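Below is one structure, written out as structure tokens; comments come after it.
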Amino acid sequence: MAEVKKTKKPVKKAKTADPKASSIDFATQEMLARAQKLGVETVFDRAVTMKPCNIGNQGTCCKNCGMGPCRLPLPKDYEEASDERKGLCGATANTIAARNFLRMIAAGCAAHSDHGRSVAEVFMSAARKETDAYKIKDERKLRELAPHLGVATTVEVDGEILDRDKDEIALEVAEKALAEWGKAEGELSFLKRAPGPRYDIWTKQGVKPRNIDREIVDIMHRTHMGVDQDYKNLMKQGARAALADGWGGSMLATELQDILFGTPYPLVSEANLGVMKEDMVNIIIHGHEPVLSEVIVEVAQTKEMIDYAKEKGAKGIQLSGICCTANEILQRHGVPFAGTFLQQELAITTGACDAMVVDVQCVFQSLANVAKCFHTKLITTHPMARMEQENVVHVEFDEHYALEDAKKIVRMAIDNFQNRGTDVMIPKQKAPLVAGFSVESVEYHLGGTFRGSYYTLNDNIINGRIRGVAGVVGCNNARAKHNEAHIAVVKELIKNDVIVLTTGCNAIACAMEGLLTPESAKVFCGPGLSEVCETVGIPPVLSLGSCVDNSRILLAATEVVKAGGLGNDLSDLPAAGSAPEWMSEKAISIGQYFVSSGVYTVFGTVFPAAGAPVFQRHLFEDMEQMYGGKWDFENDPIKHAHKMIAHIDAKRKALGIDKARERVLMDMADRQAIEA
Ligand code: NFS
């Protein structure tokens with residue numbers, strides 16, 4: 001009998017990502033290679049093995065009922081007139097894409113606004129003096145904000161006008177703020193903070209949000225099977241909910257955080273994984289809501305905790321941050337950035353992370369798997385965000401016991417220091433930075449102590465030294481090379497004299513690249529912007545904080561309008577918005593409130609309406625007629641930046657200030673040519 005030859009099936013090795021192709025950052029490349037060597041899987045590897053669904057990411061997969069999912073791919077020979085694609089119920093590609101777009105806005109608005117609500121609740125506890133952990137830190141800002149919520153700051157006693165008591169104001173502000181989420185009548189209070197003509201546009205378009213929660217619920221109802229089937233009408237609600245985010249939940253989060261924790265003023269720090277220290281207890285704080293992280297920062301600096309760390313053999317405690325929490329604790333305390341959204345797993349891969357403390361949003365569930373390979377304690381803290389893996393510890397945060405909770409967490413990290421193995425590798429890369437710009441500090445920096453104002457900024461825009469203003473914000477996306485588009489877009493803008501306001505993971509990316517230093521102006525900026533930065537001593541990229549702090553960009557732009565000479569509305573300004581590497585639903589909500597506030601806004605990576613060209617045209621063209629701002633998409637970072645610059649130039653022309661800029665652009669050779 002012939003021998004049967006057994007052939008072994010070759011074991012397929014899982015594909016892994018090429019570190020050099022995955023990120024422009026050396027620390028990231030180095031740690032990714034280390035993870036792969038240790039057999040630790042990361043998001044970069046998963047992005048190689050799992051391909052995205054093109055129908056879903058182009059917006060035309062409907063799974064809003066049990067008859068689907070109905071998938072409507074864009075035909076190669078697509079023609080608008082003959083597009084007969086529809087789902088089982090008859091929903092067109094436009095309806096499906098619009099519904100999906102709206103649900104992203106709802107989720108984004110909910111995330112930002114629920115963060116705001118948590119802050120408002122803590123604010124209420126502080127105002128009622130129910131907790132020792134929080135106090136009103138910025139009384140001046142409290143008094144400035146109060147009238148915007150209809151709270152009086154003075155009182156008449158016997159014909160004399162007296163200042164009202166701080167605590168009394170705080171209590172009323174807390175009550176009024178919390179009502180913004182669910183008041184039965186009226187509209188959001190902060191809408192009136194926008195320039196008058198903007199408010200009138202919202203009135204005319206019928207998109208003024210009623211209260212924050214209602215606009216989110218409205219979307220979930222409206223996008224249920226068989227309700228709103230007109231993409232234009234759907235997008236009105238999209239605008240309403242997005243405005244409830246930008247001028248509501250996010251703005252309340254920023255303002256109340258500033259009052260409670262202090263309004264940011266510029267400070268120095270560092271960024272990238274190299275901020276972790278081998279001989280210290282490394283605690284990384286990751287997530288979004290600063291209510292707990294503020295207290296952790298305070299507790300970690302106490303003698304009690306530092307002594308305890310020393311007792312356990314460490315030299316001290318090194319805190320650092322990831323994602324937007326990083327921005328929160330950097331801008332108020334100078335706590336360094338450990339990294340961006342895409343570096344969260346890599347921070348643990350160093351082997352030197354004794355505890356990673358997470359709350360809500362942008363937290364990978366895979367952190368638990370990575371932590372399992374090292375000694376890292378992964379600590380969840382929010383009742384809303386737990387993980388199923390057994391190695392995760394949950395310490396539920398309660399603002400009434402904030403100090404105790406924070407102490408427990410810091411102690412846990414210190415106790416874990418001894419369990420750290422010897423296989424530790426912290427990348428060397430870190431970059432210096434200046435962050436902590438706010439509406440108030442920009443005013444101070446550009447106007448000086450005696451004449452704090454936005455006039456100087458306006459003057460420099462009018463005379464053309466500064467060509468325009470760009471808000472470049474948002475996430476990283478594992479489908480793109482980490483930080484590549486962020487940095488390329490920002491560098492191209494500043495090279496062309498466009499000053500950049502940054503938040504979120506773009507701010508972290510810029511920091512890692514050294515763009516948040518005044519010195520970078522000379523290296524990367526055009527002559528006009530470089531001159532302004534050198535004179536004033538500011539970086540060409542101003543970090544305004546976390547993603548909820550995009551509301552600072554709205555208010556800063558409003559101040560620019562108020563300072564005069566650049567039109568009457570936000571849409572008149574030579575300004576543009578960008579999210580080169582977005583991935584989060586929050587980014588869609590931000591994009592829509594930028595657009596509805598009159599800003600031309602360009603996204604990179606993918607556009608979630610690309611499968612429904614008619615609906616996409618509504619976003620890319622019709623919205624300009626409605627709001628003076630519109631969406632756009634461009635994946636090539638240089639073209640992306642130049643679309644923004646072209647828009648800025650068009651606005652300069654409309655304002656009649658294009659000539660001034662042409663003069664500034666002349667170099668020595670041009671001048672000599674004229675003289676000759
Ligand atoms: Ni913004 Fe912050 Fe980063 Fe994106 Fe996530 S951290 S709220 S969503 S990934 S910028």
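Whatever order the structure lists ligands and atoms in, that order sets their numbers, starting from 1. These numbers were taken from a predicted model, which means no experiment stands behind them.
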Might you confirm whether atom CZ of Arg214 has over 12 heavy atoms from other residues, nucleotides or ligands at distances under 6.0 Å?
no
For ligand 1, note which part of Cys362 has a heavy atom under 4.0 Å away: side chain, backbone, both or neither.
side chain
Atoms in ligand 1 flagged as close to Cys475, the criterion being non-hydrogen separation under 4.0 Å
4 (Fe), 8 (S), 9 (S), 10 (S)
Going by heavy atoms, is Met583 under 4.0 Å from ligand 1?
yes
Considering only heavy atoms of Cys505, which atoms of ligand 1 have at least one such atom less than 4.0 Å away?
3 (Fe), 6 (S), 9 (S), 10 (S)
To make sure I understand the geometry: which N, O or S atom in His288 is closest to atom 2 (Fe) of ligand 1?
NE2
Checking side-chain polar atoms at under 3.5 Å, does Thr350 have a donor or acceptor matched by the opposite partner on Arg34?
no
Evaluate whether atom CZ of Phe26 has more than 12 neighbouring non-hydrogen atoms of other residues, nucleotides or ligands under 6.0 angstrom away.
no
Quick note on ligand 1: atoms under 4.0 Å from a heavy atom of Phe341 include exactly 9 (S)
Heavy-atom closest pair, residues Val357 and Ile409:
CG2-CG2, 3.6 Å
Criterion ring pair (Phe, Tyr, Trp, His ring centres under 6.0 Å) on Trp631 and Phe620, from CA distance to verdict:
CA-CA 5 Å; Trp631 286 90; Phe620 285 16; 7.8 Å; no
Relative to ligand 1, is Gln361 under 4.0 angstrom through side chain, backbone, both or neither, heavy atoms considered?
neither
Any idea which atoms of ligand 1 are less than 4.0 Å away from a heavy-atom of Gly474?
10 (S)
Using a distance threshold of 2.8 Å, state whether an N, O or S atom of Cys547 lies below it from atom 4 (Fe) of ligand 1.
no
Is Cys323 close enough that one of its N/O/S atoms sits under 2.8 Å from atom 2 (Fe) of ligand 1?
no
Regarding Arg332 and Glu328, does a basic nitrogen lie under 4.0 Å from an acidic carboxylate oxygen?
yes
Decide yes or no for Val541 and Val490: does some side-chain heavy atom of the first lie under 4.5 Å from some side-chain heavy atom of the second?
yes
Could you see which bit of Ser584 sits under 4.0 Å from ligand 1, with heavy atoms only: side chain, backbone, both or neither?
side chain
Would you say the side-chain atoms of Lys277 and Gln318 include a donor-acceptor pair closer than 3.5 Å?
yes
